Amino acid sequence: MKRRSRAIRALMIIGLLALSALLQAQGQSERPEVLTVVTWGGAYEDSQRRAYFEPFTEATGIEIETVHYDGGVKVLREHVASGEIEWDVIDMIQSDASTACDDGLLESIDPQILAPAPDGTPPQEDFMEGAIHRCFITQIVFSTVIAFDNRAFPGVKPDSVEDFFDLEAFPGKRGLRKSPTGLLEWALLSLAVPREQLYDLLSTRRGLELASGRLDDIREAIIWWTRGDEPVELLTSGQAAMATGYNGRFFHARAMEGAPISVIWDGQLIGFNSWTILRGTAQADLAAEFIAFATRAENMAAQANLISYGPARKSAQRRVGLHTDAGVPMRPYLPTAPSHMDNAVVRDHHWYSQTDGLREQWFREWLER
């Protein structure tokens, strides 16, 4: 009788194992083949591809497709309103993510998906303050800076925001993003407004009029750009003598391509990029799985070793070393390097999220004058 019972138990175990294998195989076969990530293109997207997309595909078998994005919330509203949700994960500037969250355009993200630091430190203590939000997980610290073409100024070099507005001392076209982002702050900084007073002043009609008048001084010299890779093209082609743009793009052009570009860190505008999940995606769980993967300390450090944007968690910051290809030490090129912080402006994301409509209206009216 005992031998018979053992045989029955063995058969039951074999059956359970077979059923488990079948269910697992079915589960794997039902997993989607593609996850769509909306992001910013150029050298930045290349760094994401190497640090996140390809390793995620290798680990899961799921391909990553990307869709180009130039920022803002309007495009999300239009996509959700279409009823045909084709995007899963979106890489957004934190203020846009906050606005989109308030507008109900984003799925909630369970912070329990986040991995602890390699030493076991909980994510809540490892990520920078404010990085973990119900709708987004902030991943990098970036900066919008002013840069110039070295060839345009063989003698005295510009080194301040004020110089960007000085067409007499530093002649030439100016590349500016066609958006009410950053240009208001720089206009006031060039008038010697203390950085601590920028957003209070810009919340008043007087502040906007001051900024408008200052931008009028360079209106005829402006070349507008919309894509993140355009400022580098404007400088390297000689179309513009100075341009605003993302610090990582300028770093990549100089370190990897030998572009004659120098960065002015005075008045750098520090911002944050965050992972979000679009409301209504049928792949919300998989999107969360990707975000959990991409925000591991080792993966975030891998991106910072490809482009000069700072990781938003301490354990990843400690792992930043040499550029993967160029062998350049990366820490001195991060926006948060101590030598770059003397007159840095941390973008007030609450102010940005609260003034989205007002800024857009002001910008349209200024363009039409």
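Quick caveat, the model's predicted, so the values are computed rather than measured.
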Determine yes or no for a side-chain-to-main-chain donor-acceptor pair under 3.5 angstrom, with [X] supplying the side chain and [Y] the backbone.
X      : Y      : value
His79  : Glu86  : yes
Asn343 : Asp266 : no
Glu230 : Thr226 : yes
Lys157 : Phe148 : no
Asp166 : Ala169 : yes
Glu65  : Leu35  : no
Thr281 : Leu278 : no
Thr276 : Ala97  : no
Arg347 : Gly271 : no
Asn247 : Ser143 : yes

Inset, instruction - Check step by step if side-chain contact (heavy atoms from CB on, under 4.5 Å) holds for Arg49 and Glu45. - result: CA-CA 6 Å; Arg49 176 177 52 76; Glu45 184 174 319; 5.5 Å; no
Remaining members of hydrophobic cluster (4.5 Å side-chain criterion), [X]:
X      : answer
Val346 : Met128, Val141, Ile270, Phe272, Met341
Ile261 : Val145, Val232, Leu235, Phe250, Val263, Trp265
Val34  : none

Legend entry - Residue pairs involving residues 164-277 (criterion disulfide bond (SG atoms under 2.5 Å apart); sequence neighbours excluded):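 Qualifying pairs, neighbours excluded: none.
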Inset, instruction - Only pairs at least two apart or in different chains count here, so list each disulfide bond (SG atoms under 2.5 Å apart) that has a residue in residues 45-155. - result: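 Every disulfide bond (SG atoms under 2.5 Å apart) pair that includes a residue of residues 45-155, provided the two are not neighbours, is Cys101-Cys135.
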Evaluate the side-chain proximity of [Y] to [X]: yes if any heavy-atom separation is below 4.5 Å, no if none is.
X      : Y      : result
Glu257 : Thr236 : no
Ile109 : Ile137 : yes
Pro116 : Pro122 : no
Leu234 : Ile223 : yes
Val345 : Gln268 : no

Legend entry - Worked check of side-chain contact (heavy atoms from CB on, under 4.5 Å) between Leu188 and Gln197: CA-CA 10 Å; Leu188 295 190; Gln197 298 177 17; over 6 Å; no
For [X] and [Y], work out which heavy atoms get closest and say how close.
X      : Y      : value
Trp366 : Ser212 : NE1-O, 3.4 Å
Pro231 : Trp225 : CG-CE2, 3.3 Å
Arg151 : Pro154 : O-CD, 3.8 Å
Gly310 : Leu334 : N-CD2, 4.0 Å

Distance-only polar pair, side chains of [X] and [Y], donor-acceptor under 3.5 Å:
X      : Y      : value
Gln139 : Thr295 : no
Thr244 : Arg174 : no
Asp91  : Gln48  : yes

Say you draw a straight line from [atom1] of [X] to [atom2] of [Y]; how long is it, rounded to the nearest 0.5 Å?
X      : Y      : atom1 : atom2 : result
Thr99  : Gln94  : OG1   : CD    : 10.5 Å
Ser308 : Arg249 : OG    : CZ    : 11.0 Å
Leu76  : Leu106 : CG    : CG    : 6.5 Å
Arg313 : Gln317 : CZ    : CD    : 10.5 Å
Glu360 : Asp356 : CD    : CG    : 6.0 Å
Glu209 : Thr204 : CD    : OG1   : 8.5 Å

Legend entry - Residue pairs fulfilling side-chain hydrogen bond (donor to acceptor under 3.5 Å, both in side chains) with at least one residue in residues 184-195, sequence neighbours excluded: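 Output for this query lists Glu185-Tyr199, Glu185-Tyr352, Ser190-Arg214.
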Inset, instruction - State which residue, out of Ile277, Val80, Thr36, fulfils the side chain to side chain contact (heavy atoms under 4.5 Å, CB included) condition with Trp87. - result: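 Of Ile277, Val80, Thr36, side chain to side chain contact (heavy atoms under 4.5 Å, CB included) with Trp87 is met by Thr36 alone.
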Legend entry - Working for side chain to side chain donor-acceptor pair (under 3.5 Å), residues Thr121 and Asp126: CA-CA 6 Å; Thr121 302; Asp126 194 37; 5.7 Å; no
Please check if the number of heavy atoms outside [X] that lie under 6.0 Å from its [atom1] is greater than 12.
X      : atom1 : answer
Arg206 : CZ    : no
Tyr333 : OH    : no
Lys74  : NZ    : no
His68  : NE2   : yes
Asp285 : CG    : no
Glu78  : CD    : yes

With [X] via side-chain hydrogen bond (donor to acceptor under 3.5 Å, both in side chains) - residues at least two apart:
X      : value
Ser237 : Gln239
Arg331 : none
Asp348 : none
Ser47  : Gln303

Inset, instruction - Sequence neighbours left out, what passes ring-ring contact (aromatic ring centres under 6.0 Å, His included) with Tyr309? Give chain and number order. - result: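 By the ring-ring contact (aromatic ring centres under 6.0 Å, His included) rule, Tyr309 matches Tyr44.
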Legend entry - Verdict with reasoning, Asp96 to His349, per side-chain contact (heavy atoms from CB on, under 4.5 Å): CA-CA 8 Å; Asp96 288 341; His349 287 277; over 6 Å; no
Inset, instruction - Report the residues that fulfil side-chain contact (heavy atoms from CB on, under 4.5 Å) with Ala326, sequence neighbours left out, ordered by chain and then residue number. - result: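 Applying side-chain contact (heavy atoms from CB on, under 4.5 Å) to Ala326 gives Met256, His323, Val328.
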Inset, instruction - Using the six-membered ring of Trp40, assess whether NZ or CZ of Arg227 lies under 6.0 Å from its centre and within 45 degrees of the ring axis. - result: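 No; the conditions do not both hold, so Arg227 does not lie above the ring face of Trp40.
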Legend entry - Criterion side-chain contact (heavy atoms from CB on, under 4.5 Å) on Phe170 and Phe164, from CA distance to verdict: CA-CA 8 Å; Phe170 301 100; Phe164 185 81; over 6 Å; no
